[in-house]
Protein chains: 2
Amino acid sequence: MKKISKKTIERAFVYIRTLKSLLKDKEDYISSQELADILGTTDVQIRKDISYFGKVGIPGKGYEIRELETTLEKFILQKNIVRVVLFGVGNLGTALLKYPEFNKDRIKIIAAFDRDNRKIDKKINGVKIYSLKKVSSVIKKEKVDIGIIAVPKECSQNVANLIVRAGLKGIVNFAPVSIQVPDDVTVKNIDFSIEFLALFCNSNVAKAKQKNL
Amino acid sequence: MKKISKKTIERAFVYIRTLKSLLKDKEDYISSQELADILGTTDVQIRKDISYFGKVGIPGKGYEIRELETTLEKFILQKNIVRVVLFGVGNLGTALLKYPEFNKDRIKIIAAFDRDNRKIDKKINGVKIYSLKKVSSVIKKEKVDIGIIAVPKECSQNVANLIVRAGLKGIVNFAPVSIQVPDDVTVKNIDFSIEFLALFCNSNVAKAKQKNL
DNA sequence: TGGACTTCGTTAAAAATTTCACGATATTAT
DNA sequence: ATAATATCGTGAAATTTTTAACGAAGTCCA
């Protein structure tokens, strides 16, 4: 059995998301071409991706939506629920705590941490905010998988160090700086500025702008 | 002159961000190896990327930080400021309006839109909130480049339609659904759930979890 | 000044990813 | 039952991206 690429796994989550919403419709089957139209990709890409997870399609008919969804989800996530903790309960951190998709979708926010004493012991959307002193104990007790950094960039490396020391192997870093971590820890950076600027450059947005000036 | 890949451009923004912060230090030069150590990548990757933008390095010494920064920025962005509008002033939208990196970094939030009448005409962080009826006129008058979708997923396609009709060619979509747009419009999807789940699967986070159970 | 050393820039090789082409298989209509 | 049609699954080709290898060019120190 071949290794499944990172890209395929990312796309699989998009497929799962889409299939779940299609479940509400009356149709039971969907073809790779129809799914590609919805997602703005190609039928081959989709068939190729799905092929890594097994033979679930019916030639001449397509994929049974429910079956495909459960196949993908079981294959990728097994029965796992991803348990995360949040660092930094500012504007972004608060938005994440209130994000309606978490606690569905197999993601559970276990706890939040903040250095501001006024926030400690409060709850947002049912999630308790702890002092940074409690990081190690909470993470150990609650079997956390991933840490989210949503603190000001000046503190992000310190928080990263805390996360690493507590033994977590995955970090989502919203701070607009690079953080240094050991090789066995994976960091996913989300820098809003860069997302916007790269979109601007990598599309015909810039071209449209030139025309308008 | 060869075309510069999307990946290289994305990384270039990370280089720019890092070089800007290095400018505050006393050193004037940095080698590709040193920069790679900061960013968790390789020296070759960095030299290769930079080579697309010209010959700015000094063999045996490295890159002059200030020169490299300005070279990259001028090459990629010229003098452009990216002008964006926000749709949806909920938790996430508000966090974006208050995001401290915007209005630095060549990104300017021009206006926000919301369907809730109570929010209309208010300002957040200096950005005025308009009714959705004003979309077309504001976008035209203000020379907007990119639209940000931060509305509930049920409304995201409608908002996308508004954005397309107003003539924008770039969309950042935070709603966890795929939106359909014409081919000349580029969409960058940011689905927090998927980012977390993919990090979980594409790293040794899942492995660590198995061990702990 | 000269020689050892460092680091760049680039061509070539390797790896990863996407696209193509098409045989296989189920469906549907007659 | 059979033919026509639709759609899957996949090996091979094409493309893109990363990594390796190394000559060229500047630095630094005796």
Side-chain angles (χ1 to χ4, degrees), chain A residues 1-15 18-19 22 27-69 71-72 75 183 186 198 201-203, chain B residues 1-15 18-19 22 27-69 71-72 75 183 186 198 201-203:
Chain A
M1 195 170 60
K2 258 186 240 153
K3 194 179 158 288
I4 300 174
S5 80
K6 291 184 198 305
K7 298 264 181 114
T8 294
I9 288 183
E10 269 179 41
R11 285 190 298 260
F13 283 115
V14 179
Y15 302 157
T18 308
L19 293 164
L22 287 170
E27 288 297 324
D28 289 332
Y29 290 84
I30 192 166
S31 71
S32 54
Q33 182 61 64
E34 290 166 327
L35 194 50
D37 290 343
I38 292 174
L39 300 179
T41 177
T42 66
D43 55 334
V44 192
Q45 176 78 270
I46 286 176
R47 287 204 303 281
K48 188 76 169 180
D49 282 337
I50 291 175
S51 74
Y52 290 104
F53 302 99
K55 292 189 189 181
V56 272
I58 299 167
K61 203 165 181 190
Y63 299 92
E64 212 232 303
I65 294 172
R66 182 177 307 276
E67 186 194 2
L68 180 54
E69 194 277 318
T71 301
L72 293 180
F75 199 106
D183 280 350
T186 307
C201 295
N202 285 331
S203 64
Chain B
M1 194 171 60
K2 259 186 243 157
K3 195 180 158 288
I4 301 174
S5 80
K6 292 185 198 304
K7 297 266 182 110
T8 294
I9 289 184
E10 268 179 44
R11 283 190 298 259
F13 283 114
V14 179
Y15 302 157
T18 308
L19 293 164
L22 287 170
E27 288 296 324
D28 289 332
Y29 291 84
I30 190 165
S31 71
S32 54
Q33 183 60 64
E34 290 166 329
L35 194 49
D37 289 343
I38 293 174
L39 299 179
T41 175
T42 67
D43 55 335
V44 192
Q45 176 77 271
I46 286 176
R47 287 204 303 279
K48 184 80 170 179
D49 282 337
I50 291 175
S51 74
Y52 290 104
F53 302 99
K55 292 189 190 181
V56 273
I58 299 166
K61 203 163 183 194
Y63 300 92
E64 212 231 304
I65 294 173
R66 183 177 307 277
E67 185 194 3
L68 180 55
E69 194 278 317
T71 301
L72 293 180
F75 199 106
D183 279 350
T186 307
C201 294
N202 284 331
S203 63

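Note that these values count all heavy atoms, side chains included, but never hydrogens, waters or copies made by symmetry. Fair warning: this is a prediction, and the values are worked out from it, not measured in the lab. Protein chains get the first letters and strands the later ones, always in sequence-line order, with residue 1 at the start of each.
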Name the pairs: protein N/O against N/O of nucleotides 27-30 of chain C, kept only if under 3.5 Å.
none

Pairs: protein N or O with nucleotides 16-22 of chain C N or O, under 3.5 Å:
residue : atom : partner : partner atom : Å
dT18(C) : OP1  : R11(A)  : NH1          : 3.0
dT18(C) : OP2  : R11(A)  : NH1          : 3.2
dT18(C) : OP2  : R11(A)  : NH2          : 2.9

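The CG atom of D37(B) sits 11 Å away from the P atom of dT7(C) (whole-angstrom rounding). Per the geometry, CD1 belonging to I46(B) stands 9 Å off P belonging to dC8(C), to the nearest Å.
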>> With side chain to side chain contact (heavy atoms under 4.5 Å, CB included) as the criterion, how do N202(A) and T186(B) come out once you've worked through the C-alpha distance, each side chain's angles and the decisive distance to 0.1 Å?
In response: CA-CA 9 Å; N202(A) 285 331; T186(B) 307; over 6 Å; no
>> Applying side chain to side chain contact (heavy atoms under 4.5 Å, CB included) to V14(B) and T41(B), what does each step give before you reach the verdict?
In response: CA-CA 11 Å; V14(B) 179; T41(B) 175; over 6 Å; no
> Yes or no on side chain to side chain contact (heavy atoms under 4.5 Å, CB included) for Y63(B) and L19(B), after CA distance, side-chain angles and deciding distance?
Replying inline: CA-CA 10 Å; Y63(B) 300 92; L19(B) 293 164; over 6 Å; no
>> For a side chain to side chain contact (heavy atoms under 4.5 Å, CB included) check, start with the C-alpha distance between E27(A) and E34(A), then their side-chain angles and the critical distance, and finish with the verdict.
In response: CA-CA 12 Å; E27(A) 288 297 324; E34(A) 290 166 327; over 6 Å; no
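Of all heavy-atom pairs spanning F75(B) and Y52(B), the tightest one is CZ-O, 4.1 Å. Heavy atoms only, all atoms of each residue included: C201(B) and I9(A) are closest at CB-CG2, 4.0 Å.
Nucleotides of DNA chain D with any atom under 4.0 Å from a heavy atom of chain A span, from 5' to 3', dA6(D) to dA12(D).
Residues I4(A) and F53(A) are in side-chain contact: their nearest non-hydrogen atoms beyond the backbone lie under 4.5 Å apart.
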